[in-house]
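Structure first, then comments.
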2 protein chains.
Amino acid sequence: MINIANIKEIAKMAKVSVTTVSRVLNNHPYVSEEKRIAVEKAIKETNYQRNINAVHLSKGETKLIGVVIPYANHPYFGLLVEGIANEAVKNNYKLVLFQTNYEEQREREALEMLKLKQIDALIFCSRNSRFKIIDKYMVYGPIILCEDTRGKNISSTFIDHYKSFSQALNYLYNKGHRKIGYCLARRTGSNSSSREKAYHDFLQKINEPFEPNYRFYDCLNFEDGQEVIRSLNAMSNPPTALLVTSDQVAAGILVCCKEKNIAVPDELAILGFDNQPIAQIMKLTTFDMPLINMGNNLLHQAIHPLVVNHEELYVKLIERETV
Amino acid sequence: MINIANIKEIAKMAKVSVTTVSRVLNNHPYVSEEKRIAVEKAIKETNYQRNINAVHLSKGETKLIGVVIPYANHPYFGLLVEGIANEAVKNNYKLVLFQTNYEEQREREALEMLKLKQIDALIFCSRNSRFKIIDKYMVYGPIILCEDTRGKNISSTFIDHYKSFSQALNYLYNKGHRKIGYCLARRTGSNSSSREKAYHDFLQKINEPFEPNYRFYDCLNFEDGQEVIRSLNAMSNPPTALLVTSDQVAAGILVCCKEKNIAVPDELAILGFDNQPIAQIMKLTTFDMPLINMGNNLLHQAIHPLVVNHEELYVKLIERETV
DNA sequence: TCTTGCTCTGAAACCCGTTTCATAATCTAT
DNA sequence: ATAGATTATGAAACGGGTTTCAGAGCAAGA
């Protein structure tokens, strides 16, 4: 029984106007019981389905939320999207996924879709485009970021990475570490900058020199741990502790340590981030990040764009055996 | 400069009919150079953008492809989606993601969106609904599956899991193993069934008894390896080799083995599937699955639904150190 | 009794493109 | 020279809903 009827036919069948049918469909008040029942009967009999594109055209909304992520294939974004998706289901929204590989062109496409009203709102889980560009598109619909935007006119759910990185550094300091390195996913980006700033401020506070070699970038996946250990091995004065902003990478490092007989945590302490399942099984000390929660929240902000609000979520230290 | 103009205004400005504007927008032939330039000028001046929802209503297509996955947060589906997404970008399509957690209700929503023409085609990376239900929706648009559908009237890109599982079993057999267990992601599903059938046929062929304890289900993530090793430890007569249909799980098992001093591969051989990065770093022997490729192909079939076609892709053994 | 204010209803305007059809002008081939 | 194809153009129909507006019926308050 292929889709056939349109609202006119329903109106004819129920002997009412299309307006009344539309009212029934949208649960408007001011429809008499009698006519409502007649319309519902006609709908049932014809197996009528609204043409959703017509609805979109009329209403100018699509019930679609854009989600920008650099890689679909990474547990951090996996969890974030999971959180967004679950909340979307609850609220009868669907997601349009933009996998960008951090190409600005892809991000621009997402923004353009917002402009064209093909999506109702846009969530940036991570971005490469400058803020200025994103700002230009804010008139077209809600845009939500997943980074600290306090002081800016754009809503977000975020973790204060300056704060949590500082917390992590202090934790290592209290465990006696003075030579601390770190691994970041990328060189640029709001979150990375916050962390680097925290690092520099920390060094200053404890009065230790800045060692450029102690920084590692492009640490994204399990396999990136190899390169870190390789570099460490080549150092005459390697760090005694490593802050690793992804449990995947931390796990990769850990495996390499075992292989190369580097004692963890005695020779090298490893502190992860995310508290992914892999951290649990590998007994990784890590900072729990409420990613699912964060996803929930992001979607909520996207569909209830009442006011600009910045929602901070907090990390929690999970002590296990690598520090 | 908020969106303002519509096609009528452009027509007025360029002193042509809306039809001609539409022709220019859609690169129809039969527009004189002169008018084409006038229209393009008006478009540029007003910064005109087509209302995409009106286009959808008119054309009955959306340039949106639905992608059904159970979990966003799993490397198998991550790679598959990555492959689909990359090909989508190339062809100017966007993806609508349906994360189902294997709930039929979610799968149904995706199918309904196809019916409502809110998406042009639908790709099932994995499904829970019976084939019969999916079949009912095939009149509404292309549906592509990621499983062996040969003999069925529905397109797919797939790996013959019967074949590859048999290949894996034979490989272990030739290495001297007779007591072989396996870990699957779920109890039901087309791929799992093929593998179980391969297993049974293999046992019969080599004339070994069927040992129900050697089967493990719900092995999806890294942490699920723990439970497998726990069970194995409690067995008086455990398998000497394990076929693990996800490198994540295999890696989890491997880590647990190290922890419990189970020698791999001497005491327990582990054979993974997928050839994820984690397999490389952990020196896991595994079957490479062309997931990105598969994703590319799935999208291609979705947007070029000319005829029913079943595209088989092949696994490739990667010998490392766990068998 | 007269106003005011609900409740209920439908005609018509609106959202905004695409496509069909009719017509005219200009070529091409016989 | 003439039938037939090709190029070029716009009016109008179409896709299918939502929303505005005007009007009718009826009840409550002044």
Side-chain angles (χ1 to χ4, degrees), chain A residues 2-40 42-43 46-64 112-113 115-120 140-141, chain B residues 2-40 42-43 46-64 112-113 115-120 140-141:
Chain A
I2 289 204
N3 218 357
I4 19 144
N6 58 25
I7 202 173
K8 261 186 213 151
E9 294 177 40
I10 300 296
K12 205 180 293 169
M13 282 182 69
K15 295 191 171 45
V16 297
S17 69
V18 292
T19 314
T20 299
V21 177
S22 179
R23 288 207 182 90
V24 171
L25 289 171
N26 293 287
N27 294 314
H28 275 298
Y30 302 165
V31 178
S32 66
E33 197 57 20
E34 181 194 7
K35 304 216 167 179
R36 160 165 282 123
I37 287 167
V39 169
E40 279 164 357
I43 288 174
T46 54
N47 197 23
Y48 166 72
Q49 296 279 3
R50 269 190 284 197
N51 179 319
I52 216 95
N53 288 130
V55 176
H56 291 167
L57 175 58
S58 275
K59 291 206 179 168
E61 70 162 34
T62 61
K63 289 280 175 184
L64 249 31
E112 282 293 324
M113 274 185 69
K115 180 171 173 180
L116 297 179
K117 307 241 169 275
Q118 205 174 0
I119 52 180
D120 290 350
Y140 302 116
Chain B
I2 291 207
N3 219 355
I4 19 145
N6 59 24
I7 202 172
K8 258 187 217 152
E9 295 177 39
I10 301 295
K12 205 180 292 170
M13 283 183 66
K15 295 192 172 46
V16 299
S17 69
V18 293
T19 314
T20 300
V21 177
S22 179
R23 288 205 182 92
V24 172
L25 290 170
N26 293 286
N27 294 314
H28 275 297
Y30 302 167
V31 178
S32 67
E33 197 57 19
E34 179 195 7
K35 304 218 167 180
R36 160 165 283 126
I37 287 168
V39 169
E40 278 165 358
I43 287 175
T46 54
N47 196 23
Y48 167 72
Q49 296 277 4
R50 268 189 285 197
N51 179 318
I52 214 96
N53 288 128
V55 176
H56 291 167
L57 174 58
S58 275
K59 291 208 178 162
E61 71 163 31
T62 61
K63 290 279 175 183
L64 250 30
E112 282 293 323
M113 272 185 71
K115 181 170 175 182
L116 297 178
K117 308 242 168 272
Q118 205 174 359
I119 51 180
D120 291 351
Y140 301 115

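Throughout, a chain's letter reflects where its sequence line sits, starting with A, and its residues are numbered from 1.
- The side chain to side chain contact (heavy atoms under 4.5 Å, CB included) with A:Arg23 is formed by just one residue from the set A:Val39, A:Val16, A:Val31; it is A:Val31.
- What you find for A:Val24 and A:Arg36 is that their closest heavy atoms are CG2-CA, 4.1 Å.
- The distance between atom CD1 of B:Ile52 and atom C1' of C:dT18, rounded to the nearest whole Å, is 13 Å.
- For the pair A:Glu34 CD and C:dT9 C1', the interatomic distance rounds to 12 Å; values are reported in whole Å.
- The distance between atom CG of B:Leu57 and atom P of D:dG16, rounded to the nearest whole Å, is 7 Å.
- The shortest non-hydrogen separation linking A:Lys115 to B:Gln49 is NZ-NE2, 3.9 Å.
- Atom CG in A:Asn51 sits roughly 6 Å away from atom P in D:dG17 (whole-Å rounding).
- Annotation: the span from B:Thr62 atom OG1 to B:Asp120 atom CG amounts to 3.5 Å, rounded to 0.5 Å.
- Residues satisfying the side chain to side chain contact (heavy atoms under 4.5 Å, CB included) criterion with A:Leu25, sequence neighbours excluded, are A:Ile7, A:Val21, A:Ile43, A:Tyr48, A:Arg50.
- Every residue meeting the side chain to side chain contact (heavy atoms under 4.5 Å, CB included) condition with A:Ala38, not counting sequence neighbours, appears here in chain and number order: A:Ala14.
- The side chain of B:Tyr30 sits closest to D:dT7 out of C:dC16, D:dG10, D:dT7.
- Distance NE2 (A:His56) to P (D:dT18): 11 Å, rounded to an integer number of Å.
- When the P atom of D:dA12 is taken as reference, atom CD1 of B:Ile7 falls 17 Å away, rounded to whole Å.
- Note on B:Lys8: nothing from the nucleic acid sits closer than 4.0 angstrom, heavy atoms only.
- Heavy atoms of B:Val31 sit under 4.0 angstrom from primed sugar atoms or phosphate atoms, though from no base atom.
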Next item on the list: Using a 4.0 Å cut-off on protein heavy atoms (strictly under), produce a 5'-to-3' string for nucleotides 19-24 of chain D with B for base contact, S for backbone-only sugar-phosphate contact, and - for none.
Entry: BB----
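- Picking from D:dG15, C:dT9, C:dT18 the nucleotide with the shortest atom distance to the side chain of A:Thr20 gives C:dT9.
- Between B:Ala54 and B:Glu33, the residue whose closest nucleotide on DNA chain D is further toward the 5' end is B:Glu33.
- Among the nucleotides C:dC8, D:dG10, C:dG17, the one closest to any side-chain atom of B:Lys35 is D:dG10.
- The separation between A:Asn27 atom CG and D:dT18 atom P is 11 Å, rounded to whole Å.
- Contacts of B:Val16 with the nucleic acid, taken as non-hydrogen atoms under 4.0 Å apart, involve only primed sugar atoms and P, OP1 or OP2.
- In this structure a side-chain-to-backbone donor-acceptor pair under 3.5 Å is present from A:Asn6 to A:Glu9.
- Rounded to whole Å, the distance from CZ on B:Arg50 to P on C:dT19 is 10 Å.
- In the set C:dC8, D:dG16, C:dG17, the nucleotide with an atom closest to the side chain of A:Ser32 is C:dC8.
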